[in-house]
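Indexing begins at 1, ligand by ligand and atom by atom, following the structure's order. Residue numbers count from 1 along this sequence.
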Amino acid sequence: MISYPEAKKSTLKLAKTLGVVDLPLLEALNLVLSEDVISDVNIPPFDNSAMDGYAVRWTDISNATSENPAILELVGEVPAGGVFDEKVLKGQAVAIFTGAPIPDGADTVVQVELTKKEDSKVFVYKPVVKGANVRLAGEDINEGGKVFTEGTRITPEVVGVLASIGRSRIRVYRKPVTGIISTGSELLEIDEPFQDGKIRNSNTYLLRALLKELPVETFNFGFIEDNPEVVRKAFEKALSVVDVLITTGGVSVGEYDLVKKVLEEMGAELVFWKVAQKPGKPMALYSWQDKVVFGLPGNPAAVHICFLEYVRPFVLKSLGYKNFEPVKLKARIKGGHRKKTGRLNFIRVFLTEKDGELVATKAGAQGSGVLSTSARANALALIPEEVDFLREDEEVEIHYFDSLSLSNSEEGPI
Ligand code: AMP
Ligand code: MG
């Protein structure tokens with residue numbers, strides 16, 4: 001049996017990016033840039049107006065007052081998308097609209113609210129500072145400058161910036177292909193009537209739903225009975241198409257626990273089996289050729305926790321994410337907690353805030369078969385191996401699983 005930190009480290013060590021693909025921009029959402037992006041244009045591409053108003057020479061309006069307005073000759077207009085071909089001379093103004101290029105000779109835009117127009121005269125009643133309302137070429141992005149570095153997650157905002165510099169396609173690390181198989185002769189499809197001794201297969205649904213939140217391809221291979229030939233056939237088929245196989249059940253020490261046996265017959269290499277954690281102790285990790293197999297336990301709450309703690313960071317790291325870990329927080333545990341020493345316990349909690357501090361409240365019974373507790377929780381509290389008792393309000397480490405943890409911040413998650 002290995003410790004949770006060791007198991008985590010071995011898992012992440014296996015996570016590698018899977019090659020590069022060139023995709024249409026929007027298909028790259030939530031994937032990760034495989035190269036630095038250099039802009040071949042300035043953004044904005046030219047000096048332009050931030051306001052509707054008049055493009056002027058600042059020296060013409062710098063002394064304007066309401067009693068003594070600057071009076072300029074209106075010599076033309078430049079709408080967004082247009083250009084003004086001549087030069088703005090002393091004493092002249094050009095009507096300009098947001099986004100339109102600043103004409104030659106002008107250096108400042110006076111917003112329309114500070115002016116009045118009469119025939120071909122513009123009265124300016126208040127000065128603005130030199131350069132006011134002018135967005136300079138390249139003030140957002142510089143031609144030749146690095147806009148994003150390799151490893152940047154493509155958020156909607158990154159999509160917008162890439163669009164602005166004309167990148168209709170982009171190179172990213174490819175998505176991992178994941179596969180799911182549940183083992184267990186006791187399993188029923190969810191729309192079958194109950195039968196004695198059988199239970200409905202919830203694990204593949206839980207896993208498919210969890211995987212839907214990640215940018216991966218997923219093949220669902222459903223559930224199979226505890227029969228060595230059936231298990232082997234299913235594993236061989238799955239491993240011929242996936243990068244990552246996630247199985248549930250059949251990794252304990254019982255006679256019908258066939259997952260390990262079959263993988264070993266197939267020549268898979270054991271990375272670890274059994275982790276000093278609760279739930280999820282029987283978890284096994286194998287590599288097979290260049291693929292990885294997560295042998296998760298059968299109990300649904302263990303499946304959920306092992307997915308969040310191992311599979312999700314593994315998948316995110318394989319996608320090239322720099323921030324692949326859950327958000328780590330501290331909270332006060334409501335009601336304290338008693339446990340046996342020797343295994344790290346993941347307690348499903350929900351977080352609230354009281355007097356500026358986070359409070360972790362247990363979300364219900366913590367048995368590894370009790371999935372409804374997971375459905376009420378929004379975080380895990382990690383109670384270390386050696387601890388047997390936590391007092392009310394004692395501080396605990398929290399793993400919070402939110403998309404915010406996937407930010408591109410240099411500092412990592414909050
Ligand atoms: P195992 O690790 O195969 O001994 O499975 C442990 C327990 O997990 C079983 O007794 C079932 O109650 C439960 N279980 C296994 N597979 C599933 C599944 N696909 N959906 C829901 N519960 C499951
Ligand atoms: Mg089983």
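Of all protein heavy atoms, the one closest to atom 19 (N) of ligand 1 is Asn201 OD1, 2.9 Å. When hydrogens are left out, the protein atom nearest atom 16 (N) of ligand 1 is Asn203 ND2, 3.5 Å; that is the closest non-hydrogen contact. Nearest non-hydrogen protein atom to atom 4 (O) of ligand 1 is Asp257 OD1, 4.1 Å.
Neither the backbone nor the side chain of Pro282 has any atom closer than 4.0 Å to an atom of ligand 1 (non-hydrogen atoms only). By the criterion of a heavy-atom distance under 4.0 Å, both the backbone and the side chain of Ser202 are placed next to ligand 1. Proximity of Arg200 to ligand 1, defined as any heavy-atom pair under 4.0 Å, is confined to the backbone N, CA, C and O atoms. Only the side chain of Ile199 comes within 4.0 Å of ligand 1, counting heavy atoms alone; its backbone N, CA, C and O stay farther away. In Leu187, the part holding a heavy atom less than 4.0 Å from any atom of ligand 1 is the side chain.
For ligand 1, the polar-atom distance check finds an N/O of Asn299 within less than 3.5 Å of one of the ligand's N/O atoms. Between Gly298 and ligand 1, an N or O atom pair is found at a separation short of 3.5 Å.
A donor-acceptor contact closer than 3.5 angstrom links the side chains of Ser374 and Arg348.
Under a cutoff of 6.0 Å and an axis angle of 45°, Arg312 and Phe307 do not form a cation-pi pair. A cation-pi geometry, defined here as NZ or CZ lying under 6.0 Å from the six-membered ring centre and within 45° of its normal, does not hold between Arg232 and Phe235.
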Pair up each side-chain donor or acceptor in residues 131-140 with any protein partner under 3.5 Å, not counting sequence neighbours, and list the distances.
from: Asn133; atom 1: ND2; to: Val109; atom 2: O; distance (Å): 2.8
from: Asn133; atom 1: ND2; to: Gln111; atom 2: OE1; distance (Å): 3.0
from: Arg135; atom 1: NE; to: Asn48; atom 2: OD1; distance (Å): 3.0
from: Arg135; atom 1: NH2; to: Asn48; atom 2: OD1; distance (Å): 3.0
from: Arg135; atom 1: NH2; to: Ser49; atom 2: O; distance (Å): 3.4
from: Glu139; atom 1: OE1; to: Leu136; atom 2: N; distance (Å): 3.1

Side chain to side chain contact (heavy atoms under 4.5 Å, CB included) assessment of Leu188 paired with Gln195:
CA-CA 8 Å; Leu188 280 179; Gln195 294 169 30; 3.5 Å; yes
With side chain to side chain contact (heavy atoms under 4.5 Å, CB included) as the criterion, how do Lys339 and Ile347 come out once you've worked through the C-alpha distance, each side chain's angles and the decisive distance to 0.1 Å?
CA-CA 11 Å; Lys339 73 183 249 308; Ile347 305 295; over 6 Å; no
Take Lys322 and Glu150 through the salt bridge (Lys or Arg N to Asp or Glu O under 4.0 Å) test and state the conclusion after the steps.
CA-CA 10 Å; Lys322 300 277 191 259; Glu150 179 279 330; 3.5 Å; yes
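Among residue pairs with one or both ends in residues 97-114, none qualify as salt bridge (Lys or Arg N to Asp or Glu O under 4.0 Å); sequence neighbours excluded.
For the pair Ile43/Val147, no side-chain contact is recorded, criterion being any heavy-atom separation below 4.5 Å from C-beta on.
In summary, the atoms of ligand 1 found under 4.0 Å from a heavy atom of Glu186, numbered by their order in the structure, are 9 (C), 10 (O), 11 (C), 15 (C). The distance from ligand 1 to the heavy atoms of Ser182 drops below 4.0 Å at these ligand atoms: 19 (N).
Residue contacts with ligand 1 include Gly250, since one of its heavy atoms falls under 4.0 Å from the ligand.
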